[in-house]
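Have a look at the structure below before the remarks.
Just so you know, ligand 1 is whichever comes first in the structure, and atom 1 is the first atom listed for that ligand.
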Amino acid sequence: MRMTELLAPTLRETPAEAEIASHQLLLRGGFIRKAAAGIYTYLPLGRRVLAKIEAIVREEMDRAGGQEVVLPIIQPAELWQESGRWEVYGEEMFRLQDRHQRQFCLGPTHEEIITALVRSEVTSYKQLPLLLYQIQNKYRDERRPRFGLLRGREFVMKDLYSFDRDQEGLNESYRKMYQAYSNVFRRCGLDCRPVQADSGAIGGNYSHEFMALAAAGEALLVYCRECDYAANVEIAVARALTKGAAEDPLPLKEVATPGQRTVAEICSFLDVTPDRLIKTIFYEADGQLVAALVRGDRELNEVKLQNHLGCRQLSLADPQKVREATGAPVGFVGPVGLSGVPLYADLEIPYLVNGVAGANREDYHLVNVNPGRDFKPAAVADLRQVEAGEPCPQCGAPLSQARGIEVGQVFQLGTKYSQALGANYTDARGEEHPLVMGCYGIGVSRTMAAIVEQYHDDRGIIWPLSVAPYQVVIIPAAMKDESQREVAEGLYRELVAAGVEVVLDDRDERAGLKFVEADLIGYPLRVTVGKRTVTNGTVDAKWRSQDEVPLPLEGLASRIQALLAEEMQKYR
Ligand code: 9G3
């Protein structure tokens with residue numbers, strides 16, 4: 001490819017709306033352009049990267065026994081009504097009508113579609129296991145699309161669905177996919193960590209997420225350096241306490257705490273440490289008011305609360321409703337004397353002795369609050385956010401915390417969809433059973449952004465060779481110089497003939513600008529033809545993140561191919 005022909009409109013300035021490196025660099029490097037909020041055009045360089053990632057995904061899915069299909073993007077509402085999910089996803093679902101006013105959605109995922117396909121085509125246990133997948137656009141009307149390809153409203157996903165006879169079969173499919181995912185992300189050069197994850201609304205009982213570690217990641221994970229424990233903080237298990245404070249319960253007492261609302265204010269005013277406080281946080285769970293209790297030094301984990309309550313909608317309660325239910329404003333509310341509001345206490349609450357809580361009276365708190373004696377929780381469960389430094393639930397070593405980009409997720413669905421949609425198979429004895437399913441997603445366009453998050457510097461992107469848009473860029477320092485141009489053209493033609501993915505920067509521009517753009521776009525290997533090529537027969541070769549080395553013109557094309565082959569070994 002010649003730079004005088006390539007559509008790669010680079011930008012010198014960083015577009016204002018781009019906050020993170022991958023969003024900035026993919027725009028500035030001429031890889032993507034925004035068509036609308038969360039909706040992108042992939043320019044030639046961007047499409048080439050996408051195609052490389054897709055090829056790696058496809059190879060690994062096929063190697064794991066997957067069969068590729070193409071499923072419709074437009075999906076009939078009837079299937080989602082059968083599965084009961086048509087109402088579950090509100091505004092996030094792109095819905096449309098056809099000319100006969102029949103209702104459809106743009107596919108945000110394909111459990112319904114694939115299960116409907118299989119229920120009509122698979123009847124016998126002999127056809128199992130069956131792994132079907134596609135790589136295609138998905139549509140989710142995110143409220144706040146941002147961070148470029150990381151959170152878009154139209155994005156490329158590989159989704160695979162496994163169909164097995166029983167749990168044992170599913171375990172085998174799950175294990176194959178887990179390995180395939182590790183291969184995919186390793187071949188993309190991504191530092192990626194599988195973590196235990198919440199199966200949430202999708203249902204099923206077991207799930208992992210593959211997290212690409214990156215400071216810009218929206219997900220928070222905790223992991224242990226000593227063992228393999230790693231979990232999305234949404235479900236990371238807190239180590240249960242074994243004993244409470246060794247002091248005698250004292251009589252409950254109301255104390256004036258004028259204007260003292262926050263944990264910090266109350267602790268300094270009453271001279272107690274935050275672990276003595278009971279934070280009472282009100283939520284509306286499917287419209288019903290509930291109160292969650294965690295210690296003052298902890299954060300409530302809303303995913304754990306929602307999973308415990310099994311509710312569809314969970315949101316912080318409106319302060320007015322809190323005042324009506326307790327007689328006090330937020331900051332002075334507590335569990336004692338609260339009738340009609342079910343209390344959900346974190347595991348640590350029952351161990352509190354002589355704690356502090358809001359008195360349900362403005363400007364007053366209660367001291368010497370003793371759970372069990374002064375209030376009775378509706379339930380006690382692990383509801384708090386695990387923090388770095390806490391003991392690993394597996395081995396006790398202190399947990400570390402990191403941010404990650406969720407680039408893959410694998411779920412054990414069980415029979416949730418096969419039962420809902422009547423997808424059964426007949427076993428060897430002629431008995432009918434619902435198919436046991438798993439589903440497995442990779443955010444392909446999100447992976448592209450995650451790679452940039454992990455591979456960039458202040459000059460631009462540093463593409464791993466396995467996913468680079470082109471492998472080599474040849475830069476004649478001066479296109480005007482006849483001899484430099486000839487050497488560059490000759491090398492270019494040799495490499496093209498050898499099947500190397502090479503760009504020749506044949507623009508009549510200053511060498512400096514060509515270097516800056518080559519580094520911004522992030523070509524892995526840069527070969528400069530300059531004055532020294534003419535005087536002493538060498539070119540300067542430079543891996544994007546290493547120093548320049550002179551290479552003799554003699555046998556240069558085959559030397560470059562050998563260098564590329566050697567570098568590709570890192571991404572097997
Ligand atoms: C919807 C909308 C958004 C959604 C879903 C449905 C997420 C939905 C979960 C999954 C689970 C797996 C197969 C590939 C891997 C992920 N957001 N999920 O089901 F209608 Cl609007 O998609 N699906």
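Residue contact check: Phe411 has heavy atoms under 4.0 Å from atoms 11 (C), 12 (C), 16 (C) of ligand 1. Shown in contact with Trp80 at under 4.0 Å from a heavy atom are these atoms of ligand 1, numbered in order with element: 20 (F). Every atom of ligand 1 with a heavy atom of Gly441 under 4.0 Å away is listed here by number and element: 14 (C), 15 (C). Distances below 4.0 Å separate heavy atoms of Met93 from the following atoms of ligand 1: 20 (F), 21 (Cl).
Atom CE of residue Met157 and atom CG of residue Asn137 lie 11.0 Å apart, to the nearest 0.5 angstrom. Taken from CD in Gln136 to CG in Leu71, the straight-line distance is 6.5 Å, to the nearest 0.5 Å.
For atom 19 (O) of ligand 1, the nearest non-hydrogen atom from the set Glu111, Arg140, Glu112, Arg85 belongs to Arg85. Distances from atom 2 (C) of ligand 1 to the heavy atoms of Tyr89, Tyr133, Phe94, Tyr161 put Tyr89 nearest. Selection from Ile114, Leu106, Asp159, Leu160 by nearest heavy atom to atom 14 (C) of ligand 1 gives Asp159.
Checked for salt-bridge contact, Glu82 and Arg119 meet the test: a charged N lies under 4.0 Å from a carboxylate O.
For the pair Arg153 and Phe94, the cation-pi criterion (under 6.0 Å, within 45° of the ring axis) is not fulfilled.
At least one N/O-N/O distance between Thr109 and ligand 1 falls below 3.5 Å.
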task: Evaluate the salt bridge (charged side-chain N to carboxylate O under 4.0 Å, His left out) criterion for residues Lys416 and Glu111: first the C-alpha distance (whole Å), next the side-chain angles of each, then the deciding distance (0.1 Å), finally the verdict.
output: CA-CA 10 Å; Lys416 174 180 159 88; Glu111 280 81 7; over 6 Å; no
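You'll find the side chain of Arg544 stays beyond 4.5 Å of the side chain of Trp463, heavy atoms only.
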